[in-house]
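Values in this document were obtained by computation on a predicted structure and should not be read as measured data. Chain letters run A, B, ... following the sequence lines, proteins first, then strands; residues in each count from 1. Note: hydrogens, waters and symmetry copies are ignored here, and every other heavy atom, side chains too, is used.
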Protein chains: 2
Amino acid sequence: MSQQRNGQAAGVSDGAVFPDLPEATVARLPEYLRALHNLAETGFDTVSSEGLAAAAGVNSAKLRKDLSHLGSYGTRGVGYDVALLIAQIEHVLGLTQRRAVALVGVGNLGHALAGYAGFSSRGFRIAALFDADPGRIGERINGLVVHDIARLPEVVAAEAISIAVIATPAHAAQSVADRLVAAGVTSILNFAPCVLSVPDGVDVRKVDLAIELQILSFHEHRKSALTTLPSPTGDGSMKIRPTLDGEALAT
Amino acid sequence: MSQQRNGQAAGVSDGAVFPDLPEATVARLPEYLRALHNLAETGFDTVSSEGLAAAAGVNSAKLRKDLSHLGSYGTRGVGYDVALLIAQIEHVLGLTQRRAVALVGVGNLGHALAGYAGFSSRGFRIAALFDADPGRIGERINGLVVHDIARLPEVVAAEAISIAVIATPAHAAQSVADRLVAAGVTSILNFAPCVLSVPDGVDVRKVDLAIELQILSFHEHRKSALTTLPSPTGDGSMKIRPTLDGEALAT
DNA sequence: AGGCGTTTGTGAACGCTTGCACAAACTCAC
DNA sequence: GTGAGTTTGTGCAAGCGTTCACAAACGCCT
């Protein structure tokens, strides 16, 4: 608590941008960031790797290795300075500026995303809404007007949008993606259940709610099959219910 | 097309449940399944690993290795029988029965999820809605009544629910998870931005929309830094715009 | 000032995942 | 029936990610 004499960004001055940060690490940094914000609000000034790892739900060794890729921002015998680490991770993730995001598709899901407070509280600003349905164009959602998707190029340019969210039906998603790329968007978060093909240099991440459930379904299936076997794991702490599966194969 | 003389489940009779299927493979099977359904609707009877891989957005070698874990359901020189492969993957994922899902938290996002058609079209049935807000209890959404969360145990038991979706604010999520587990739920899909701690035997998958955007933000950040360097990738096909980043570090 | 307990950063081993490359197996045409 | 062309299934090697275990570094107490 006596060490960080420098304002809020001490050794962060390097403009290097970590071109070789492992993908797995990048995917976990946001989780660490969220845990750190929680700790900061709770009044913590420093936190050990063990404590932060518990708050982020990972192994402490993994956390230390992840953070070591960013440089040495911990103090041996003490832990990590919470505020400094927040600043460092936000810098690496490019969250020092509030990024403008476009949302395409204001249907069932898109409507909810447009009103989701978690975006704005964590570094993003929904800057524009688009839809192709003439019945929805002009509608106001959360203070934003739904634009005709034909206006993508001008609005993307005017608002300096580089990230877009696709929340359209699957059959429209590829066409929307093409138009987004043409307008200059270089990162896409796709909620439509389909594969998008985009040129090199454009990043796509996919969120498919049904796929997540299907993965859980597999594990359920596997677990329920264990009920027919003598408990393989040592302590009988696992709750076993009669097989709900039925497993009817021959129709 | 002359080979599968047996109804719709030929060698699928084995009750074994693939306890050692690699996680990475399990996570891709739903994607293959979706691609296969598309192909079936388009009229394909068979598909090659190359074709299916393209439709699912993966490498063909990876696809073949994934499918080989399920057994040999392809025909050399021909490809895979679409209908047979669909049946096989659905069996492995435990989708032969339509699983009942509970949804807790009927706020902004939960409301949208309750109306999302993708769940019911892909093997799941939203069987019950819950909330803690008295103002929402009793509301009808998509033909379902919102129950008081206190009624979790009875409804979970009555509907044979084993999977639940948490769409509550973060501060309520852990408490909800505890009550779900106590009621007998063994798989949870968590949309709340927080880490859930659950006992062994319970699976949790997490979907955090802000985290996805932050990962994209990192790549945007990295890409925009490249504008200051001579194009490192061979062909200059990458669209480069003047740096939008600003990269202001010292406040 | 010096020793002690604590915590970070990291080398090294391990396991999982991916991608290549090719033999085995199948269809089709003649 | 035979040969040519096609496609699957898989051994193998390389790369990536995770975990262990420990030396180096730090604060604190005496």
Nearest heavy atom decides the nucleotide; on that basis, is A:K62 or A:G77 closer to the 5' end of DNA chain D?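 That would be A:K62.
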Test side chain to side chain contact (heavy atoms under 4.5 Å, CB included) on A:V207 and B:E212; report intermediate values, then the result. CA-CA 9 Å; A:V207 175; B:E212 299 299 323; 3.9 Å; yes
Identify all pairs in which a protein N or O lies below 3.5 Å from an N or O of nucleotides 28-30 of chain D, and state each distance.
none

DNA chain C-proximal residues of residues 63-72 of chain B, any heavy atom under 4.0 Å: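 Heavy-atom contacts with DNA chain C come from B:R64, B:K65.
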Just to verify, what does [X] make a side-chain hydrogen bond (donor to acceptor under 3.5 Å, both in side chains) with, not counting sequence neighbours?
X: A:T168; answer: none
X: B:E31; answer: A:K206, B:R34
X: B:R179; answer: none

In whole Å, what is the span from the [atom1] atom of [X] to the [atom2] atom of [N]?
X: B:L85; N: D:dT8; atom1: CG; atom2: P; answer: 11 Å
X: A:N59; N: C:dC14; atom1: CG; atom2: P; answer: 18 Å
X: A:E50; N: C:dG9; atom1: CD; atom2: C1'; answer: 15 Å

Spell out yes or no: do the side chain of A:R76 and the base of C:dT8 have one donor N/O and one acceptor N/O closer than 3.5 Å? yes
Counting neighbours of CD on B:Q174 that are heavy atoms of other residues, nucleotides or ligands and sit closer than 6.0 Å, is the number greater than 12? yes
Does either side chain, that of A:H221 or that of B:Q97, offer a donor lying less than 3.5 Å from an acceptor on the other one?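 Judged by distance alone, the side chains do not pair up.
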Would you indicate whether the side-chain heavy atoms of B:D203 and B:V198 approach each other to under 4.5 Å?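 No, too far: nothing below the 4.5 Å cut-off.
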Phosphate OP1/OP2 of D:dG9 contacted by B:Y80 side-chain N/O (<4.0 Å):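 Affirmative; the distance criterion is met.
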Short side-chain N/O contact from B:S49 to OP1 or OP2 of D:dT8, under 4.0 Å: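 Yes, because at least one side-chain N or O of B:S49 sits under 4.0 Å from OP1 or OP2 of D:dT8.
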Could you go through residues 51-64 of chain A and list every donor-acceptor pair under 3.5 Å that involves a side-chain atom there, pairing it with any protein atom two or more places apart or in another chain?
residue : atom : partner : partner atom : Å
A:N59   : OD1  : A:A61   : N            : 2.7
A:R64   : NH1  : A:S49   : OG           : 3.0

